Amino acid sequence: MTLSSTTPRPLVAGNWKMNGLSAALDEARAVAAALDQKPAAARVAIFPSALLLHRLAETVEGGAVLVGAQDCHGKASGAHTGDVSAEMVVDAGGTMVIVGHSERRTDHAETCAQVAGKVEAALAAGLEPIVCVGEPLEKREAGQAVTYVVEQIRNSLPASLTGQAFNVAYEPIWAIGTGHVASIDNIVEMHAAIRAELVAKFGEQGKVTPILYGGSVKPDNAREILAAAEVGGALVGGASLKAKDFLAIIEAA
Ligand code: 13P
């Protein structure tokens with residue numbers, strides 16, 4: 001998807017991770033119905049398991065909820081047992097994909113170079129990527145968080161993103177699923193550093209690329225986080241599983 005506007009709407013994205021069986025489609029249906037009644041200022045996307053993606057896409061078809069995958073392979077097709085290609089995501093009704101989530105970098109030892117390859121594959125298939133970065137606790141404690149994340153940005157974002165719609169998500173690993181949300185000062189400092197790197201890399205486009213924050217975003221802290229400088233949306237895990245909580249976060253954007 002190519003860029004069409006200079007100031008994108010905020011993006012509130014729900015990453016269901018390895019959660020959600022068929023019954024969870026009701027939550028997506030409830031989110032879609034609420035947005036139908038009262039359109040949100042933000043763009044809204046849900047990233048269910050790969051197995052639920054097709055049905056979820058059919059469930060919310062024609063409404064405001066976008067649908068995406070939590071990962072895609074760097075190759076278009078081939079002998080890669082258990083993997084899903086970007087084209088398969090599109091075929092199933094997805095328009096977006098999360099790449100480089102810290103859980104994949106950790107669980108599957110994904111490198112920045114592999115993440116960049118996945119971004120290329122996503123773009124080739126016409127998907128809008130959300131590229132995740134974020135430091136582990138030891139880098140934060142050693143005062144190396146910004147250097148670490150800027151390096152991830154440098155190595156995970158291929159030049160082919162130029163002119164393409166994409167998003168970055170800053171998710172400090174120690175804030176994911178822990179209830180320990182990063183301080184607003186931490187968020188503002190990191191988002192400013194990411195913005196500077198995006199501008200250095202992509203010029204004018206880098207000035208408006210949405211930078212999402214993720215890590216224990218909840219209904220009670222979303223408004224403050226989303227109002228912080230250079231925060232262009234939220235990537236929400238646990239609180240995206242229930243329509244009521246997710247809608248409260250969407251409202252805050
Ligand atoms: P939590 O909101 O559960 O902390 O997860 C954040 C995340 O990793 C979203 O991708």
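What you are looking at is a predicted structure, and each value in this text was computed from that prediction instead of being measured. Counting starts at 1 for both ligands and their atoms, in listed order.
Applying the ring-ring contact (aromatic ring centres under 6.0 Å, His included) test to residues at least two apart or on different chains, the pairs with a partner in residues 47-83 are His73-His80.
Among residues two or more places apart in sequence or in another chain, the side-chain hydrogen bond (donor to acceptor under 3.5 Å, both in side chains) test is passed with Glu197 by Arg154. When the side chain to side chain contact (heavy atoms under 4.5 Å, CB included) test is applied to Gln144, the partners found at least two apart in sequence or on another chain are Lys139, Ala142.
In summary, Arg105 and Glu110 do not engage in a salt bridge, as defined by a charged side-chain N under 4.0 Å from a carboxylate O.
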Quick check for students: name every N or O atom pair between ligand 1 and the protein closer than 3.5 Å, with distances.
from     : atom 1 : to     : atom 2 : distance (Å)
ligand 1 : 2 (O)  : Gly237 : N      : 2.9
ligand 1 : 3 (O)  : Gly238 : N      : 2.9
ligand 1 : 4 (O)  : Gly177 : N      : 2.6
ligand 1 : 4 (O)  : Ser216 : N      : 2.8
ligand 1 : 5 (O)  : Lys17  : NZ     : 3.1
ligand 1 : 8 (O)  : Lys17  : NZ     : 2.7
ligand 1 : 8 (O)  : His101 : NE2    : 2.8
ligand 1 : 8 (O)  : Glu171 : OE1    : 3.4
ligand 1 : 8 (O)  : Glu171 : OE2    : 3.3
ligand 1 : 10 (O) : Asn15  : ND2    : 3.0
ligand 1 : 10 (O) : His101 : NE2    : 2.9
ligand 1 : 10 (O) : Glu171 : OE1    : 3.2
ligand 1 : 10 (O) : Glu171 : OE2    : 2.9

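The heavy-atom pair separating Glu87 from Ala125 by the smallest distance is N-CB, 3.8 Å.
Under the 30°/60° scheme for interplanar angles, the aromatic rings of Tyr213 and His191 are found to be tilted.
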